[in-house]
Amino acid sequence: CLPNPAVIMSSRSFLAAAWMATALLCFRAGAATVTWDGGGDGVRWNDPLNWTGNTLPGGSDEAVLNPGPEVRLDGAVASVQRATVRRPLRVVSGGLTTSQGLFVSGTSLLLEGGSVQGAVQLSASSLVLSEGATADNPIELRGASVLEGNVPAGMALTVLGSSSGGNARTVWRNGGTNRGVIRLDSINAG
C-alpha cells in the first residue's frame, strides 16, 4: 500500500513550516537591537508595547532610546547587553544592568533610587544624582557635562578628557556634597 501523495506533501509542508518557526525563534533568541517606539504608555521602560516588536529588550540585546521625551525605569531590574540613550532616562527603583555598557549622549541620566550595573559613559550630558543612587563601576563623564545633586557614599565619578585636545569640563550645578569619589583624568594620563 503506497501512502497518499497529498499526505506526503502536507507532511513536508508542515516540516518546512516547523523548521522556519524554529529558525525565527532562534534568530530572536540571539542578539538584536530593540528600539524604543513609545507604542505603549510612552513612559515606562518595562512596558513591552513601548519597544519595537512589542518585546522588552533582554540580556543579549542592545536597547536604543533615540531622542524624545523622558523614559522612566522603575520596579524590576532590566538587563541588556548594551544600552544607547539619547533621551532622558530616569532610574527610580530597580535599575539597569548591562554587560557591554550604558552610553548616554546629549541628554540626561537621572539616578533617583535605582542602580546601574556595568560600565556607564556620559558624553555631553547631565548626571542627576539622589542619595539612594548606586553604581558598581565609576560613572565616566566626557566632554562638556553637568552634574547635579550629591555624590552618594560608595559612588565614583571620573571626568575624562581626551588626548586630542578635547578637554573634559563638568559643571556641578547648584553645588552639592561629595561623599564618594570624583577623579579628574585624561585618556593619555596627561
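None of these values were measured; they are calculated from a predicted model.
Across V146, L122, V120, a single residue satisfies side chain to side chain contact (heavy atoms under 4.5 Å, CB included) together with L127, and that is L122.
Of the N and O atoms on the side chains of S126 and E148, not one donor lies less than 3.5 Å from an acceptor on the other residue.
Here the side chain of T107 pairs no donor or acceptor atom with the backbone of S105 at under 3.5 angstrom. In this structure, the side chain of R87 engages the main chain of N66 through a donor-acceptor pair within 3.5 Å. A donor-acceptor pair is defined here as one N or O able to donate and one able to accept, closer than 3.5 Å; no such pair exists between the side chain of T98 and the backbone of Q81. In this structure, T35 contributes its side chain and T52 its backbone to no donor-acceptor pair below 3.5 Å. Without hydrogens or angle criteria, N50 side chain to R44 main chain gives a donor-acceptor distance under 3.5 Å.
Here the straight-line distance linking atom OG1 of T97 with atom CG of L102 works out to 10.5 Å at 0.5 Å rounding. Here the CG atom belonging to L129 is positioned 12.0 Å from the OG1 atom belonging to T177, to the nearest 0.5 angstrom. In this structure, CG on L56 lies 10.0 Å from CG on D61, to the nearest 0.5 angstrom. Once rounded to the nearest 0.5 Å, the distance linking CG of L73 with CG of L111 reads 10.0 Å. In this structure, the separation between CG on L141 and CG on L160 is 9.5 Å, given to the nearest 0.5 Å. Here the straight-line distance linking atom CD of Q100 with atom OG of S60 works out to 10.5 Å at 0.5 Å rounding.
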Output, in order, the C-alpha distance, side-chain angles, deciding distance and verdict of side chain to side chain contact (heavy atoms under 4.5 Å, CB included) for V104 and L89.
CA-CA 9 Å; V104 180; L89 175 61; over 6 Å; no
Give the intermediate values and the outcome of side chain to side chain contact (heavy atoms under 4.5 Å, CB included) for residues L65 and W45.
CA-CA 10 Å; L65 300 175; W45 176 294; 4.0 Å; yes
Derivation and outcome, salt bridge (charged side-chain N to carboxylate O under 4.0 Å, His left out), residues E70 and R72
CA-CA 7 Å; E70 181 179 285; R72 185 180 178 97; 5.0 Å; no
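Closest non-hydrogen pair, S115 versus T134, comes out as CB-OG1, 2.8 Å. For the pair P57 and A63, the tightest heavy-atom approach, listed with the atom from each and the gap, is CG-CB, 3.9 Å. Pairing each heavy atom of V151 with each of M155, the nearest pair is CG1-O, 3.9 Å. When all heavy atoms are compared, the tightest approach of S130 to P152 is O-CG, 3.5 Å. Across every non-hydrogen atom of L109 and V91, the tightest pair is CD1-CG2, 4.4 Å. Nearest approach of G149 to W172, heavy atoms of both residues: O-NE1, 2.9 Å.
Linking Ile, Leu, Val, Met, Phe, Trp and Tyr whenever their side-chain heavy atoms come within less than 4.5 Å leaves L157 and V171 in two separate clusters. Residues I182 and V116 share a single hydrophobic cluster, defined by chaining ILVMFWY side chains whose heavy atoms lie under 4.5 Å apart.
Contact annotation: the side chain of R86 approaches that of P67 to within less than 4.5 Å [non-hydrogen atoms, C-beta and beyond]. Taking 4.5 Å as the limit, every side-chain heavy atom of T55 sits out of range of all side-chain heavy atoms of V34.
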